[in-house]
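First comes the structure, then the notes that go with it.
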Amino acid sequence: MNVADIPLISLITFVPLVGAIVVAFLPRERAGLIRATALVFALVSFGLSLLLLIGFNPTNPAFQYQEVHDWIPVFGIQYKVGADGLSTILVVLTTTLSWISILASFRPIKERLKEYMISFLILEVGLIGVFVALDLFLFYIFWEVVLVPMYLIIGIWGGSNRIYATIKFVLYTLVGSLLMLVAILATAYTFEAATGTWVGAFDFITLRNFAATTGFVSNVQLFAFLAFFLAFAIKVPMFPFHTWLPDAHVEAPTAGSVMLAAILLKLGAYGFIRFAVPLFPAAAETFAPLIIVLSLIAIVYGAIVALVQPDWKKLIAYSSVTHMGFVTLGIFIFQEQGLQGAILQMINHGLITGGLFLMIGVMYERTHDRTIARFGGLAGRTPVYAAAFGFFVFASAGLPGLSGFVGEFLVLLGAFAYNPWVAAVAASCMIWAAAYLLFMFQRIFTGELSDFLRGLGNHLTDISPIEALTIVPLGAMIVVFGLFPGLILHMVQGTVSAVLTEVQGVSPIHLFFWQ
Amino acid sequence: MSHSLDAYLILAGVLFAIGTFGFLARRNAISMLMSIELMLNAVNLTILAFGAFIPALKVQGSAIALIVLAVAAAEATVGLSIVIAIYRNKKTPLVDEYDTMRD
Amino acid sequence: MSWADLSTIAPFAAAIVVAGLVIVTDIIVPGRRAPALAVALGGLAVVAVLAILVGRTPTTAFDGAYRVDDLTTYLDVLFVAVVAVTLMVAPDYLTSRDLPVPEFAAVLLFALSGVMLISASGDLLVLFLGLELMVLPGYLLAGFAKHDALSTEGAIKYFLLGSFSSAIFLFGLALIWGMTGTTRIEGVSTALAAIVAGSAPLTPGLAMGLAFLTTGVAFKIAAVPFHYWTPDAYQGSPTPVTGYLSIVPKVGAFALILRLFVEALGPLSADWNVVIIVLAALTMTLGNLVALSQDSVKRMLAYSSIAHTGYMLIGLAAWSSSKSQIQGLEGLLYYGAAYAAMNLGAFAVVAALQRRTGISSQLETFAGLGRREPLLAILMTLFLLSLTGIPPTAGFFAKAYVILAAVEAGGPAGILAVIAVLNAAAAAFYYLRVVVYMFMREPKGEPAPVVIGRLMRTGLIVSAVLTVVLGVLPELLLPVVERAAKAVIQ
Amino acid sequence: MAIPDAVPFINLPWDDVLFIILSVVMVGSALLVVTLRDIIRCGLAMMVCFGALAGLYVLIGAPLVAAAQVLVYIGAISVLVLFAIMLTQTKAAPARLVFQTQALPAAIAAAILAVLIALTVLATNWNAVSAPIRTSTAVLASVLFNQFVLPFEVVSVLLLAAVIGGIFLAKREDRPE
Amino acid sequence: MPYDTLILLIAILPMAGFVFSVVFGRRLQDRWGMAAASAVPLAVIGLSWLAAMIVAAGAISGAAPFGEHGHGVSFWEWIPAGQFTVTVGFFVDSLTACLLIVVTTIGLLVHVYSVGYMSHDRGYWRFFAYLNLFMFSMLVLVLADNFLVIFVAWELVGLCSYLLVGFWFHRHSAALASKKAFIVNRVGDVGFILGIALIWVNLHTLNLQAVLGQIGSLDHATISWIALLVLCGAVGKSAQFPLHVWLPDAMEGPTPVSALIHAATMVNAGVYLVARTSPIFAQAPEIMVVVAAIGTFTAILAASIAFTQTDIKRVLAYSTLSQLGYMFAALGVGAWTAAIFHLMAHGFFKGLLFLDSGSVIHAVHDEQDMRKMGGLSKKIPITYWTMLIGSIAISGIPPLAGFFSKDEILGEAFKNGFLWVWAVGFLVAGMTAFYMFRLIGLTFWGASRVDPAVEPEIHESGRAMTVPLILLAIPTVLVGLFLGLPFGASRLQSWLEPVFAPAVSAAGRTEQPFALFGLDGVLILASVTIAAIGIVLAWRFFGVDLGPLQAKARPAEVNGLVGSSGATRFLYRASLNKWWFDDLNDLLFIRIGGRVANGLWWFDRNVIDGTVNAIGGAVISAGGGLRRVQTGRVQNYALGIAVGLLVMTVAYLVIVAGR
């Protein structure tokens, strides 16, 4: 059988599901077996995604490895998946962090291990699905599928205030996503009304061409874009919609936080790039100024608030707000470097913040406390841990040579071309980031060992090999992408130019209360 | 007067209204049941009046009325049996005291 | 009355015969539930088969009083299925409270015959009779646990208000007869079409008739503000009955709406559509809001069923274009099936928990279920997610369907769509609350172990499978639904 | 001797007079039904009311229905009701309040309803004929067994169901309470 | 070996050393001891010094492939983002060569010195790893041929500074200082990065040579903006006012670090950058003035503070600031060569001075307060003599390095018509001489105030430390004569002429011949005099013990002078409190900033999140309210239905009437 015939993407997507089912039938008491099985399936999916990466042809801007099966022909709804550069990168990111997170859950998770692994694998299915779905309906389904396992992961294995956090997370996300559902249906219907056929009404590629040629009527664009925007903005999360994030992060178990920060937040940005902007360019142009302002607020505001966080995880959570602010900024200046920077920033934030949360988890395992005030002088006691953490801290602060820098710089460059003052405000985050990150690092690692830590005695061991195993890949990638960002940039070049050709030169819709 | 449909209809309306009042106002389950019978009869009167004064309906009226009569009977049966059943449990026929379930 | 007529009404007749047979078996072998159940379930199978056979070709009998079309078949099969599952779920619950299964089955079958009559009626009087035949057994079932104060209380509330609304409904029918001079559905619609077409303004009498009819059906589908009976009746009834009550009479009433409003009063759709939109908005909003603050899962599900009435009404609200009309009806019918599967499942789980007497349906009962009864907990989660409308479940696709219709209709219906999704988001809160209790809370004290009989298990599995299948492969049902909808709107 | 075709002195046609009398009786008794304190009297008043109604039926030219009315209601239902009353009679009952606390709003609502109906009836043109059409029993029978045969059968089923369920609910099997 | 390889090696070797130390350093140290841990780092620096020297020689001599205008090597395309591409590459011309000489030489010596200085520290291997990393970053900084790559190195040296200043992280003060250094630098970097963006947006390239070549094509405003923004970066890195606050605190780091990073090399990066981009500045005269102003102000500000500091390293730190001020002033007045000249000279003598101070501190057991020293000249002679040489050099006494470089700056300033620059510079020259000899006096001369417990154990440092001192003393003496002998075009001028030619021509400057018996002579005389005055004053106040010259310290007179008038008292307090800059920052960024941050957080919890929760709460309580409608009484329900019916009827009547 020909290699091209292998439904590679479907395999990547559903191998974890198979894993979940297998795990479901394993005896509850065989913890080791359950762990191993989950890890193996995650690794298989990871390996397959690497095949995708290798087989992907960056010079071809089209969606590759497409699989199309009719699903609900009445409405032209298909099972249609495919990957362009962006999808491929994000899929690989997902599969990578999935197995890392599962590995990282080995020690912390003892309660209801089986349910945990099942939820986690299903979560992975949803995440990958979102990135490869080329049918809006399918996309929405995967989008919602992500919600449930995350809800359980936070709600069951989370911290003391987990239920509040998880319900907030779900409801908040639902409000956005359900409106998005209405928007998706409205879009499809508009297409059907215009062309007289349901065929392709949910097919992204068809819709994109439609948007490029005929274009959706302006009020549909406005409504649909706003709905999409709300859904994605909540997920990103953008400035006024961000308050679910700190709670969710603080309460979630380590691996949960990792997936949340590294992948879930990317869903929103991905949605913007893939759907919101190309489908409704005029509306996007219309609201771009507003979104840019919100992004700037997020960048500065998030950083300042992060400065005074008493909780280790909360601090990183707010730093996520800042970094994702860069992403949305980069997207909505509609400028080549900006968009590439945004995508790069997505990946980097995934790696870096994921790493940070893993590290925090490592220490939480020993201290069962995240109150920064109770730490201090850790560097003397756990030098390797401190060094590794410092590495991620500086990566997060955008130190050149590490991956964080290139993304931010490209966004700045784009922003500057858009408007120097925007760039100036955004650039100020270089100071902020340094401030809150180093302030945190200083409080936790330098000085004399705090009484609390001294009280832990021998529990306070340095990082263990298996933990290191979860960190090292991330660190390596951070360095590699820092020195050779081209690896990613070449992949996404096609996506970027495709999106920009959609949106550039489109004149914004004139609103009586706007512009 | 007895030759005008309106008279009968208004009469029926009044009867219906009285029935409604009884249903809303009485406390005793059985009185409420009786009120419902009044309302049904009001409807019957309407039907017959239509049957009598609208040629298109002529015979139908009576037929329908008969059937409605039977339905009313069936309802009464069920109703009374339920009343008896609950009376066994609650030892009172006063409906407004059946308010265990609320909110 | 000819043989042709008889063969046409065969399914309906069969249902009644089966009811009779059940009673006979009970008289032959008294005090044993197995035979009666066997007869009932077997009979139901026969009924279903007959319904499908007869339904292959649209026919009429009793010169148009009885009419079989695709809608009839679809609904009949649906109702038979629901009744069958109810019969699977109920026995454990009933016998543990020593309530007789045969009588239960018989009454249930009578109710079935009633609702089948509705779905097949081509005559307003038959429609009314069908309605009565559907609800009267309903009252009895509600009070079936006759030694339980709550059950009888629910029953009498249901009965009193029910017959009150029946009287109102009947008055409305009378006025329509007076206006149109016929009881046949086509007759009515043609007459009304003539009136509407005529330059003369619609008479107040017609308006009043519409008002009374709308009130009547709004009560039967438990639309706000005519929903008051629902929570009490549902909470009081024996749980399996609640499951049945929340589905068959509701969907039956919707069938009534299809026959009466869409067919007979079709020409006046412009008038009643407005009211429907308002009702829909009120219903789903109030249903969800009140459900938020319920501590008894049963009562919560009662309010949620009110909310779902609202969602189903969206299907009728999407009336602006003929395309959206079809779309809406299809959505409504699909929703009916989906709703049946998931709601029945949810109540089945509650029933399973309450198998022993004295177990309340308070949230506390569900605490830690995830540990004690993983299967039940997972199934419950599935049903609740479906009720929330999370893909890939039946509930999601149904919701999407009606919303799509509303979006197509645009205008006020479009706004209704937005209201609907906001409601859905709010609803997630109380559905997920149960999940929270099942998986994230530990039980107080030592809860009684749960025993699930084979029948019960089958019932649960069936509804679970349906819930998933209707979500993942809607293609299976869509053509059927489409034909059914087309049967109503030519 | 020949009866004058109008009542002396008030000079109204006989059936008008009858109509008035009957309707007054009916409405009056109906009001008693919903207002009397002693529920047994209510039952009796209901019989009277239905009797008057039967009279009206005759007047309207539906003697068969009138007969059925007398049989079913005065015969069956009322008796049933009276039995029920006996069964559920509590010593205290008559002493208790007759009306719900919301009697006044109920009255208002009912009044508005009546007025509404009356107004609509008057405002509507029912294109009715001026004289009631008499229905001969023979025609009615044929209609009933052709056009309305299905409803007729269904009603029997309905009654059957009602009876079965009714018996189940009402019958007292001695079980330890 | 071809030059390209050498150029690459210069930078790569230290990196290799760093990686090696990170991986094996710790084990080597635990297994084989200190020497093993430092062997590789030393070796790589030595080699890279060798390579640097060869390359520098080639570049200066203009040998092929360098020629007059230098030679570039490019390695790989770093960022390929559509039109925007950055290729990492190195570029070597005579300017680079000068920097290479300074950096590698001093770097090498500091490494050697550290072997002795750090020999008692457990973090020995770590220290060398950091040093290597720094060398790598610094060398990349001077070699890079692309603005963005410069920026990368720019940040990396910042990182190294952070790591090394905070080397003793268990000291709270060290941790704070390192953090402060990094953040303050970031402030400047923001300007720099924006400048880079501005350059690209206008020229679509970031290649150094290309940009400098095309800069003329831009309009004046843009050029000025670019210059200003680039200046921000320079000011941050070179600790010029107002971003000077980090440098004194940076003295928390080990002394070799202070010598290498905070005196000889990293802090010069700003000077180098401005010199490197001289064509840009040359076309933005207003900005040049700004540069000059910043430089002069910093020079006098720092000098004034240095007067009263008692921590030996802080005195040197402030003198570094003030010398950097000189360099900026030079850049501002267009005396680029002079700036570089002073940069090199200062690199050597300030490096020397710091290493000396380190040796002193070592001798008196980690005591840095000069009030607890004195009379050390006999006990640690090598340190003493080398430090004396350094002080003379910095004071601008001929014929040592400082004299030539400083005089060239002052002379240029005067000739280019920046009289105010000259005047201040002139004054500062005197102040410098004064506080340097105050330092010498307090430390080496007079009676010993050393803690008696330590007194007997004071001894000269080991050879590892003294040899570098001597080696550094040599250039301190000779570099001026060698490079800057002003008759005709000095050697350095001839080297750098091609580099600064475009700038000079753009600024429209013409080199006047040097006139010893003319203006220049007068100026030289003047500055030498003022330096002498400074020294003499210092002797008068703090004593002298120099062969024939003998005098006692006169503290009373110092106090008398300070107390003489309100003005003097104020000046004294101002100097002591560093003109309250730290307090100002503390107020602005710690107190007020903290308030703002907390305020925002409150806003976040109570307003934004509050709204979210409020909506949820409202919905739920609405449900709670509505459920009361369900009274449980049938009649109430019935009434509800009846009312509903009435409303419905009316509604329909209305609707129908509307048709």
Side-chain angles (χ1 to χ4, degrees), chain B residues 1-3 5-11 13-18 20-22 24-28 30-31 33-35 37-38 41 45 48-49 51-55 58-63 65-67 69-74 76-78 80-85 87-88 92-94 96, chain D residues 15-16 19 23 27 30-31 33-34 39 42 46 50 53 56-57 59-62 64-65 68 72 76-77 80-81 84-85 87-88 90 97 99-100 103 106-107 109-110 113-114 117-118 121-122 126 128-133 135 139-140 143-144 148 151 155 158-159 162-163 165-166 169-170:
Chain B
M1 194 188 301
S2 65
H3 292 266
L5 174 59
D6 294 3
Y8 286 95
L9 289 184
I10 293 171
L11 190 57
V14 171
L15 189 55
F16 193 88
I18 294 173
T20 317
F21 168 74
L24 297 185
R26 295 298 293 241
R27 309 172 62 206
N28 188 313
I30 296 177
S31 341
L33 206 57
M34 291 194 281
S35 314
E37 295 301 337
L38 290 184
N41 279 279
L45 180 54
L48 281 172
F53 289 93
I54 294 174
K58 40 177 183 341
V59 204
Q60 295 184 13
S62 308
L66 281 175
I67 290 166
L69 218 61
V71 171
T77 328
V78 172
L80 291 170
S81 60
I82 294 179
V83 170
I84 290 165
Y87 183 78
R88 284 217 196 83
T92 168
L94 300 183
D96 52 3
Chain D
D15 42 12
D16 281 13
F19 175 80
S23 38
V27 173
L31 281 172
V33 172
V34 294
I39 188 151
C42 296
M46 189 173 77
F50 290 161
L53 202 52
L56 281 170
Y57 291 168
L59 203 60
I60 222 170
L64 195 75
V65 183
V72 175
I77 298 183
L80 206 61
V81 168
I85 295 171
L87 279 175
T88 64
T90 43
L97 226 60
F99 287 132
Q100 251 276 339
L113 183 59
I117 294 175
V121 166
L122 294 176
W126 307 94
V129 292
S130 59
I133 312 152
T135 43
V139 185
L140 175 55
V143 172
L144 208 47
F148 286 91
V155 165
L158 187 62
L159 285 163
V163 169
L169 273 190

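A note on names: the letters A, B, ... follow the listed sequences, proteins ahead of strands, and every chain is numbered from 1.
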Looking only at D:Ala107, D:Pro151, D:Gly165, the option with the highest number of non-hydrogen pairs under 4.5 Å against chain B is D:Ala107

Tell me, out of B:Leu33, B:Ile82, B:Val83, B:Leu45, who's got the most heavy-atom pairs with chain D below 4.5 Å. B:Leu45

Considering all heavy atoms of both residues, which atom of B:Glu37 and which atom of B:Ala76 are nearest to each other, and what is their separation? OE2-CB, 3.5 Å

Side chains of D:Ile39 and B:Met34 in contact at under 4.5 Å (non-hydrogen atoms): yes

Between D:Leu144, D:Leu64, D:Leu53, D:Val163, which residue shows the highest count of heavy-atom pairs closer than 4.5 Å to chain B? D:Leu53

Is B:Ser35 close to chain D through its backbone or its side chain, or both, or neither, when contacts mean heavy atoms under 4.5 Å? side chain

Is chain B contacted by the side chain of D:Ile117, its backbone, both, or neither, given a heavy-atom distance below 4.5 Å? side chain

Residue selection (most heavy-atom pairs with chain D, distance under 4.5 Å) from B:Ile30, B:Leu9, B:Asn41: B:Asn41

Is any side-chain heavy atom of B:Leu38 closer than 4.5 Å to one of B:Phe16? no

In terms of heavy-atom pairs under 4.5 Å with chain D, which of B:Val78, B:Ile18, B:Leu66 leads? B:Ile18

Say whether, by atom type as modelled, one donor and one acceptor occur between the side chain of B:Arg26 and the main chain of B:Leu94 under 3.5 angstrom. no

For D:Ala76, which atoms come within 4.5 Å of any heavy atom of chain B: side chain, backbone, both, or neither? neither

Tightest non-hydrogen contact, residues B:Ala63 and D:Phe148, listed as CB-CD1, 4.0 Å

Go through the atoms of B:Leu15 and report whether side chain, backbone, both or neither lie under 4.5 Å from a heavy atom of chain D. side chain

Given heavy-atom pairs under 4.5 angstrom as the criterion, report whether the side chain, backbone, both or neither of D:Val27 touches chain B. both

Would you give the length of the straight line joining atom OG of B:Ser31 to atom CE of D:Met46, rounded to the nearest 0.5 angstrom? 10.5 Å

Given that the side chain runs from C-beta out, which part of D:Val129 has a heavy atom under 4.5 Å from chain B: side chain, backbone, both or neither? both

Part of B:Leu80 lying under 4.5 Å from any heavy atom of chain D: side chain

For chain D, which of B:Val14, B:Thr20, B:Ile84, B:Ile67 has the most heavy-atom pairs under 4.5 Å? B:Ile67

When rounded to the nearest 0.5 angstrom, what distance separates CD1 in B:Ile54 from CD1 in D:Ile133? 9.0 Å

Most heavy-atom pairs under 4.5 angstrom with chain D, which of B:Gly22, B:Ala52, B:Ala17? B:Ala52

Using a cut-off of under 4.5 Å on heavy-atom pairs, state which of B:Gly51, B:Ala70, B:Gly13, B:Ser62 scores highest against chain D. B:Ser62

D:Leu122 vs B:Ile10, test: side chain to side chain contact (heavy atoms under 4.5 Å, CB included). Steps then yes/no. CA-CA 8 Å; D:Leu122 294 176; B:Ile10 293 171; 3.8 Å; yes

Of all heavy-atom pairs linking B:Tyr8 and B:Ala49, the shortest is CB-CB, 3.8 Å

Pair count under 4.5 Å, heavy atoms only, with chain B: among D:Val81, D:Leu113, D:Val139, D:Ile60, highest is D:Ile60

At a heavy-atom distance under 4.5 Å, which candidate from D:Ala118, D:Ala110, D:Ala162, D:Ala106 has the highest pair count against chain B? D:Ala106

Backbone of B:Ala73 reached by a side-chain donor or acceptor of B:Thr77 within 3.5 Å: yes

So, does D:Trp126 use its side chain to make a donor-acceptor pair with the main chain of B:Phe53 at under 3.5 Å? no

